[in-house]
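Below is one structure, written out as C-alpha cells; the observations come after it.
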Amino acid sequence: MIDLESRRAKLIRDLRDDGINDERVLGAIEKVPREIFVPPEHFERAYDNTALPIARGQTISQPLIVASMTQHLRLFPESRVLEIGTGSGYQAAVLALLCRSVYTIERHDYLLRQANNRFARLEFNNIETRLGDGSLGWPEHAPFDRVIVTAAAAEVPHALMDQLVLGGVMVLPIDRRFWRQELVALERTSDGYRTNYLMDVRFVPLVVGQGEGRT
C-alpha cells in the first residue's frame, strides 16, 4: 500500500531544502492532495518532485516550480489572482488557499471540465474558471493584484500587463533564444514595469487564439 502521507512529508522537506521558506506556501502545498490532480497511471508518483504528463499534451508542473512561482507572487489574503493555464487545476488549488479569489483560464475544454470537477470535490468556492484565450486575460474582472502564467510566450502579453494593478506582480516563463526559457517576476511600478530573473525553466508553449470547443 502506498504511504502518501510519508511521501507528502518528504516533499515538503525537499522543498524547504530547495529554498522554499514561505510557511503559508508550504502549508498550502501540504494541504492540497496532488494525487487527485494526476492521471491514475501516475498515482504512485503524485508526490515526486517532478512534472508529470496530463491530457492534451500538457503537464502538471513540478512541485518545486509551483512552490517557487507561488512564493514569488508574494500573495496576501485579500489578493485577487489571474491564472493563465488551468491545466489539471493543481496550481489554482494551491493559490485558492492563499488568497481571496482565483480567476483561471484554460483553452482545452476537456482539461477545464476535469479541473472544475476537482474544485467541486475539494469544495473550493473562490475559484472561477473560463474557457478561452489566456493571452487576452479576463478584462471583466480586472484589475488583478497578481497574475501567474503557466505556459511560455516570446513576450509578455500586453493585455495581461494592462490588467495588473499598480504595485502588482506577474510571474511567468518567457521564451529566449536557443530553446531557453526564463522564469521572471514582473512588477508594475509608477514608472512602468520592473522585471527580475528567477531561474531557467521548461514549460509548454502559450497558445494564442480561441480555446478549443467541447471534446
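Side-chain atoms of R24 do not come within 3.5 Å of backbone N or O of F76 as any donor-acceptor pair. Although no hydrogens or angles enter the test, the distance criterion places no donor-acceptor pair under 3.5 Å between the side chain of Y110 and the main chain of A55. Although no hydrogens or angles enter the test, the distance criterion places a donor-acceptor pair under 3.5 Å between the side chain of R146 and the main chain of R74. Checked by atom type and distance alone, the side chain of D175 never pairs as donor or acceptor with a backbone atom of Q181 at under 3.5 Å. Put simply, the side chain of S79 never gets that close to the backbone of V81: no donor and acceptor are under 3.5 Å apart. Between the side chain of R188 and the backbone N or O of G168, no donor-acceptor pair lies under 3.5 Å. R80 contributes a side-chain N or O that, together with a main-chain N or O of H141, makes up a donor-acceptor pair within less than 3.5 Å. S68 places no side-chain N or O within 3.5 Å of a backbone atom of L64 that could act as its donor or acceptor partner.
Under a hydrophobic-cluster definition in which Ile, Leu, Val, Met, Phe, Trp and Tyr are linked whenever side-chain heavy atoms come within less than 4.5 Å, directly or via other members, V66 and V38 are assigned to the same cluster. Note: the hydrophobic cluster containing I60 also contains L111 (ILVMFWY, side chain heavy atoms under 4.5 Å, direct or indirect links). I65 and I54 fall within the same hydrophobic cluster, where Ile, Leu, Val, Met, Phe, Trp and Tyr residues are linked whenever their side-chain heavy atoms come under 4.5 Å apart, directly or through other members.
The shortest heavy-atom contact between V25 and A67 is CG1-O, 3.8 Å. L97 and A28 make their closest contact through CD1-O, 3.8 Å (heavy atoms, listed as atom of the first residue, atom of the second, distance). Scanning both residues, A92 and I127, for their nearest heavy atoms gives O-CD1, 3.9 Å. Shortest non-hydrogen contact noted between A115 and G87 is CB-O, 4.0 Å. Closest approach of G57 to V204, counting heavy atoms only: O-CG1, 4.0 Å. In terms of heavy atoms, M161 sits closest to M170 at N-CE, 3.8 Å.
Salt bridge annotation for K10-D14: present, with a cationic side-chain nitrogen under 4.0 angstrom from a carboxylate oxygen. In summary, E35 and R8 engage in a salt bridge, as defined by a charged side-chain N under 4.0 Å from a carboxylate O. Taking 4.0 Å as the cut-off between side-chain N and carboxylate O, E23 and R16 count as a salt-bridged pair. Comment: R113 engages D109 in a salt bridge, judged by a side-chain N to carboxylate O separation of less than 4.0 angstrom.
Using a 4.5 Å heavy-atom cutoff, the side chains of V184 and V171 are not in contact. Put simply, the side chain of T70 reaches to within 4.5 Å of the side chain of L98, judged on heavy atoms. Between F144 and L160 the shortest side-chain heavy-atom distance does not fall below 4.5 Å. At a threshold of 4.5 Å between non-hydrogen side-chain atoms, the residues D18 and N49 count as touching. A heavy-atom distance below 4.5 Å is found between the side chains of L52 and R45.
Side chain to side chain, Q71 and D22 fail the donor-acceptor criterion of an N or O pair below 3.5 Å. A side-chain donor-acceptor contact under 3.5 Å links S135 and D133. For the residue pair S88/Q58, the side-chain donor-acceptor check at 3.5 Å is not satisfied. A donor atom on one side chain and an acceptor atom on the other are found under 3.5 Å apart for N116 and T129.
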Could you pull out all donor-acceptor pairs under 3.5 Å where a side-chain atom in residues 150-158 meets a protein atom, sequence neighbours excluded?
{"unit_1": "T150", "atom_1": "OG1", "unit_2": "I84", "atom_2": "O", "d": "3.0"}
{"unit_1": "T150", "atom_1": "OG1", "unit_2": "G85", "atom_2": "O", "d": "2.9"}

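When hydrophobic residues (I, L, V, M, F, W, Y) are linked wherever their side-chain heavy atoms come within less than 4.5 Å, L136 remains an isolated member.
Summarising the geometry, atom OG1 belonging to T59 is positioned 7.5 Å from atom CZ belonging to F203; distances are rounded to the nearest 0.5 Å. Separation of atoms OG1 (T104) and CH2 (W138) is listed at 8.0 Å; rounding is to 0.5 Å. Within the model, atoms CE of M69 and CD of Q62 stand 12.0 Å from one another, a figure rounded to the nearest 0.5 Å. Rounding to the nearest 0.5 angstrom, the gap separating the CD atom in E182 from the OG1 atom in T195 is 10.0 Å. One distance of note links CD1 of I12 with CD1 of I29; it measures 6.0 Å at 0.5 Å rounding. Note that the OG1 atom of T86 and the CZ atom of R118 stand 11.5 Å from one another [nearest 0.5 Å].
Geometric assessment of R130 against the ring of Y103 yields a negative cation-pi assignment under the 6.0 Å and 45° thresholds. For the pair R34 and Y47, the cation-pi test (distance below 6.0 Å, angle within 45°) is failed.
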Problem - Intermediate values then yes/no, side-chain contact (heavy atoms from CB on, under 4.5 Å), I105 and L82 - result: CA-CA 8 Å; I105 304 173; L82 173 65; 4.1 Å; yes

Practice task
Go through the steps for L26 and L15 under the test side-chain contact (heavy atoms from CB on, under 4.5 Å), then give the verdict.
Solution key: CA-CA 8 Å; L26 290 167; L15 293 177; 3.9 Å; yes

Practice task
Applying side-chain contact (heavy atoms from CB on, under 4.5 Å), run through L73 and L95 and close with a yes or a no.
Solution key: CA-CA 10 Å; L73 282 174; L95 294 171; 3.8 Å; yes

Problem - Trace of the side-chain contact (heavy atoms from CB on, under 4.5 Å) decision for Y193 with E187 - result: CA-CA 6 Å; Y193 298 88; E187 182 175 357; over 6 Å; no

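Within 6.0 Å of atom CD in E128, more than 12 heavy atoms from other residues, nucleotides or ligands are found, so the atom counts as buried in its surroundings.
Using cut-offs of 30° and 60° for the angle between ring planes, the F37 and F119 rings count as tilted.
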